[in-house]
Chemist: 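Handing you a structure now.
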Amino acid sequence: MTPMDLDRLLKLLRKTYDVQDWWPSESPFEVMVGAILTQQTTWEIVASVLDRLREEGLMDVDQMASVEVSVLESILRPAGFYRQKAKRIKLLASYLVDSHSSDPLSLLDGPTDSVRKELLSLEDIGNETADSILVFAAGRPKFVAAAYSSRVLKRTGVLCSDDYDEIQTFVESNLRGGPRDFRDLYALIVQHSKDICRAVPSCANCPLSRECLHFTGQGRR
DNA sequence: ACCCAGGTGGCCC
DNA sequence: GGGCCACATGGG
């Protein structure tokens, strides 16, 4: 089995999947809202909820900040954890109004590390949500070290780790590419994970490969 | 009737 | 610093 590295993995995945426009959105604020909504929820449902929010004119920071919580909750219900998410999204909008003149770009402006810290300081925005926003709304070279990412990296023998920071640091210091490549790598990993496909071989040398092969995702034994 | 989804935070030891 | 748990609806 030839050694697998990040560049080869990226190349193999690109041969099989197309992730152009993988995170469709019309604005940075929409990415932020979508990032919170997609926590533990399928994108198909999130997309329909985003459509609804757009129809209701709520894809606007000021409107979102002043909407009635019960109204927001009723729209978010299909996406699960709707009370939590409604409160969180409204608070995010209020925070943008109060601290960033209602301009999402103001929050996303500045050194990546400080933007990340500011995002993480907000309730219900953890590593994956913050990094998704950094990559897909701000175009930063950040890697989302989600469960899918660790499984695929382990399964392919690129890196055997479950530690978020360790995985992220590894990818960010070994992937020689631009923001586009960081975005694609994560998108491709998720796309691949949803598939039963074997676009990339698995590595038997990884001590964790047995676990990886069990792969709790749907469609895989 | 399960199990899982493009997670996060709180509590326990 | 890990191991549980609640949060909640919808689809396979």
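Chain letters run A, B, ... following the sequence lines, proteins first, then strands; residues in each count from 1. Given the structure is predicted, the values throughout are model-derived calculations rather than measurements.
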Chemist: Let me know the distance between OH of A:Tyr164 and P of C:dG1, rounded to the nearest Å.
Modeler: 17 Å
Chemist: Where each residue is assigned the nucleotide of DNA chain B containing its nearest heavy atom, which of A:Thr38 and A:Leu120 is assigned the position nearer the 5′ end?
Modeler: A:Thr38
Chemist: Tell me: CG of A:Leu72 to P of C:dT9, nearest whole Å?
Modeler: 15 Å
Chemist: How close or far is atom P of B:dT8 from atom CG of A:Leu37, stated in whole angstroms?
Modeler: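 About 13 Å, once rounded to whole Å.
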Chemist: Has A:Tyr148 got a side-chain N or O lying under 4.0 Å from the OP1 or OP2 atom of B:dA5?
Modeler: yes
Chemist: Between B:dG10 and C:dA8, how far is it from one P atom to the other, in whole Å?
Modeler: 15 Å
Chemist: Quick one: A:Lys87 NZ to B:dG7 P, roughly how many Å, whole number?
Modeler: 20 Å
Chemist: Between the side chains of A:Arg180 and A:Asp184, is the shortest nitrogen-to-carboxylate-oxygen separation below 4.0 Å, so that they form an ion pair?
Modeler: yes
Chemist: Starting at CD of A:Glu123 and ending at P of B:dG9, how long is that distance when rounded to a whole Å?
Modeler: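 To the nearest whole Å, that distance equals 6 Å.
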Chemist: Between C:dG2 and B:dA5, how far apart are the two P atoms, rounded to whole Å?
Modeler: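 Taking atom P in both C:dG2 and B:dA5, they lie 22 Å apart.
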Chemist: Distance check needed: C:dT9 C1' versus A:Glu44 CD, whole Å only.
Modeler: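 Taking CD of A:Glu44 and C1' of C:dT9, I get 15 Å after rounding.
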Chemist: Parallel, tilted or perpendicular, judged at 30° and 60°: which one describes the rings of A:Tyr186 and A:Phe136?
Modeler: tilted
Chemist: When you look at A:Lys154 and A:Ser161, which way does the side chain to side chain donor-acceptor pair (under 3.5 Å) test go after all the steps?
Modeler: CA-CA 7 Å; A:Lys154 282 190 292 186; A:Ser161 171; over 6 Å; no
Chemist: Classify the nucleic acid contact of A:Ile125 as base, sugar-phosphate or nothing, counting any heavy atom under 4.0 Å across all strands shown.
Modeler: sugar-phosphate
Chemist: Using a 4.5 Å cut-off on heavy atoms from C-beta on, say whether the side chain of A:His192 contacts that of A:Thr16.
Modeler: no
Chemist: Nearest-Å distance, CD1 (A:Ile45) to C1' (B:dC4)?
Modeler: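 The answer, rounded to whole Å, is 11 Å.
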Chemist: Checking side chain to side chain contact (heavy atoms under 4.5 Å, CB included) for the pair A:Leu96/A:Asp62: CA distance, chi angles, key distance, verdict?
Modeler: CA-CA 9 Å; A:Leu96 288 171; A:Asp62 295 293; over 6 Å; no
Chemist: May I have the distance from A:Lys194 (atom NZ) to C:dG11 (atom C1'), rounded to whole angstrom?
Modeler: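 Checked: the NZ to C1' distance equals 13 Å.
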Chemist: State which of C:dG10, B:dG9, B:dG7 makes the closest approach to the side chain of A:Thr129.
Modeler: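 Nucleotide nearest to A:Thr129's side chain: B:dG7.
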Chemist: Quick one: does any side-chain atom of A:Ser121 pair with a main-chain N or O of A:Glu118 as donor and acceptor, under 3.5 Å?
Modeler: yes
Chemist: Look at A:Asp181 together with A:Arg14 and state whether they make a salt bridge at an N to O cut-off of under 4.0 Å.
Modeler: yes
Chemist: Reading nucleotides 3-8 of chain C 5' to 3', which nucleotides get B (base under 4.0 Å from a protein heavy atom), which S (sugar-phosphate only), which -?
Modeler: ----BB
